[in-house]
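To find a chain, count down the sequence lines: A is the first, B the second, and so on, and within it residues start at 1. These values consider heavy atoms only, across backbone and side chains, with no hydrogens, waters or symmetry-generated copies. Everything numeric in this text was worked out from a predicted model, so none of it was measured.
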Number of protein chains: 2
Amino acid sequence: MNMGDRGATPGALDAQGEQGTQDPSGDGLPPTAWAVLGLLSFPGERTGYELKKWADSSLRFFYWSPAISQIYAELRRLEARGYVTSRRSGPEEPRAKRAYAITEAGRTALGRWADSGHDAGTPVLKHPLLLRVWLGHLASPGHLRTLVEEHIARTEGELKEVRDALARADGVEAWGHPQIALRWSERRLLSELDLAKAMLGDLEELGPGA
Amino acid sequence: MNMGDRGATPGALDAQGEQGTQDPSGDGLPPTAWAVLGLLSFPGERTGYELKKWADSSLRFFYWSPAISQIYAELRRLEARGYVTSRRSGPEEPRAKRAYAITEAGRTALGRWADSGHDAGTPVLKHPLLLRVWLGHLASPGHLRTLVEEHIARTEGELKEVRDALARADGVEAWGHPQIALRWSERRLLSELDLAKAMLGDLEELGPGA
DNA sequence: TCCCACATGTAAGATGTTACATGATTTA
DNA sequence: TAAATCATGTAACATCTTACATGTGGGA
């Protein structure tokens, strides 16, 4: 029983060229840099710390939750390119900090990026629970069940967070696109819950008890 | 209008400790190594090349599609640990290759991993299309629409692949858990299609025309 | 007064990709 | 006989995380 020889798409193993997170605008920036620049495309200036908080309360649900140290690194890179400028806080402000703002060049590059490519890139899903299920013959059935239930609980928590974010976004003008992304996330998490419950049923059918 | 100061979960920005792909078994192996070892937990020996093909036709849909060079690297690491052994093909075989098999130590470690943790790890989703939508104010509405439609087409292709894999799996004995993961993937892709269509509607509502 | 949030970074290391290099065998 | 698939690796590089290091300001 050789399970390995069931190639679905016979396409070449190498040359998998275009990865899901590539940059079709030809600007050579990593996806993280575009996301940071995108955050700065909204009016106002922000510190790296604020950017991180914002990403954690919005982009996190469908894209990305970077380490704070990486935000700072990307900001430096963007500044070196001239896509953002920074300003040290003066003595009038209580805290010493560095606030970043997008430049005209940055806005131009970002616009090019936003309109480039007929393909946004392949979504990447890495779902450790599913790996555990796939390898379910190795674990006790009860353990698998526990893991799925834990996943359901976490997903419910995330759903609540998305709904809170949606409630906060309500009323802010010109907030359209971010809200659509949040709505997508809400529906997605609802579906994730359905999926998990259906899988619980499949698991039960396979090996009852536990 | 400072949109950055809307932190949802006020939890510490640093110390985000446990990442979605961590190893709770305490064995210190990266997630990729467990996946490779998991592939080898099914009966029979396999080459790195076969492992890559197999991953691409199954694990890819919910977990992972590694570079072939990384498979080879992980196999070397696992062999150094004594979790797998390899055998060069003899002259009786037409092709020169190296086939790997799991050892008892490997099976023990993998069993420990499979039963460890009350939490399989946070799923990671990186969806470039959603980043584009979130930053929709930067693109022309028609372009956004094109991207969503492209995503729908790709997803339909993936759905077909999963269904093919499911059809191939049908009839193989003791194939239970992998099939459950594939069924989950089928439902997930169906939902992804729904999500995209609903988003198309939201987008239309926001800015008609294009 | 103590803790938490604010705020910014450096250094080391892990993970993973792409490009390169090579060659045999099978299939059209 | 040409192309695709089988098959294995190295080297360079990009990305990203964790741990470390440091300090201020505000609230309980």
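In terms of phosphate contacts, B:Tyr72 brings a side-chain nitrogen or oxygen within less than 4.0 Å of OP1 or OP2 of D:dT8. At D:dT17, one or more side-chain N or O atoms of A:Gln70 fall inside 4.0 Å of OP1 or OP2 (strictly under the cut-off). An OP1 or OP2 oxygen of C:dT8 is reached within less than 4.0 angstrom by no side-chain nitrogen or oxygen of A:Ser69. Checking the phosphate oxygens (OP1, OP2) of C:dA14, no side-chain nitrogen or oxygen of B:Arg77 falls inside 4.0 Å. For B:Arg46 and D:dC6, the shortest distance from a side-chain N or O to OP1 or OP2 is not below 4.0 Å. Contact check, A:Thr32 against D:dC16: a side-chain N or O comes under 4.0 Å of OP1 or OP2. At D:dT5, none of the side-chain N or O atoms of B:Lys52 fall inside 4.0 Å of OP1 or OP2 (strictly under the cut-off).
The side chain of B:Ala67 sits closest to C:dT17 out of C:dC6, D:dT8, C:dT17. Comparing atom distances between the A:Lys53 side chain and each of C:dT8, C:dG16, C:dC6 picks out C:dC6 as nearest. Here the side chain of B:Tyr49 is nearest to one of D:dT15, C:dG16, D:dT8, namely D:dT8.
A:Glu79 places a side-chain N or O within 3.5 Å of a backbone atom of A:Ser86 that can act as its donor or acceptor partner. Remark: the backbone N or O of B:Arg95 is paired with a side-chain donor or acceptor of B:Ser89 at under 3.5 angstrom. At distances below 3.5 Å, not a single donor-acceptor pair connects side-chain atoms of A:Ser25 with backbone N or O atoms of A:Arg112. Of the possible donor and acceptor atoms, none in the side chain of A:His127 sits under 3.5 Å from a partner among the backbone N and O of B:Phe61.
Following rounding to the nearest Å, A:Leu75 (CG) and C:dT8 (P) show an atom-to-atom distance of 9 Å. With rounding to whole Å, A:Leu29 atom CG is found 13 Å from D:dT15 atom C1'. Atom C1' of nucleotide C:dG16 and atom CZ of B:Arg60 are separated by 18 Å, given to the nearest angstrom. Summarising the geometry, the separation between OH on B:Tyr63 and C1' on C:dT15 is reported as 12 Å, rounded to the nearest angstrom. Atom-to-atom, CZ of B:Arg76 to P of D:dT8 comes out at 11 Å; the value is rounded to the nearest Å. Look at NZ on A:Lys126: it is 8 Å from P on C:dT17, rounded to the nearest Å. One interatomic measurement links the two molecules: CD1 of B:Ile71 to P of D:dT8, which rounds to 11 Å at whole-angstrom precision. Atom CD1 of B:Ile68 and atom C1' of C:dG16 are 14 Å apart (whole Å).
Among the atoms of the strands shown, none is found under 4.0 Å from any heavy atom of A:Arg88.
Classified by interplanar angle (parallel below 30°, tilted 30° to 60°, perpendicular above 60°), the ring pair B:His137/A:His177 is tilted. Ring orientation note: the planes of A:Phe62 and B:Trp134 are tilted relative to one another, at an angle of 30° to 60°.
One end of the helix from C:dT1-D:dA28 to C:dA28-D:dT1 points its axis 40° away from the other end's axis, with each axis taken from 5 pairs and the angle rounded to 10°.
For an aromatic pair to be called close, the ring centres must be under 6.0 Å apart, and B:Tyr63 with B:Trp34 fails this.
Between B:Arg87 and B:Glu93 there is a salt bridge, since a side-chain N of the basic residue sits under 4.0 Å from a carboxylate O of the acidic one. Under a 4.0 Å N-O distance rule, the pair A:Arg77/A:Glu74 qualifies as a salt bridge. Between B:Asp164 and B:Lys160 there is a salt bridge, since a side-chain N of the basic residue sits under 4.0 Å from a carboxylate O of the acidic one.
Applying a 4.0 Å cut-off to non-hydrogen atoms, the residues of residues 93-103 of chain B that approach DNA chain C are B:Pro94, B:Arg95, listed by residue number.
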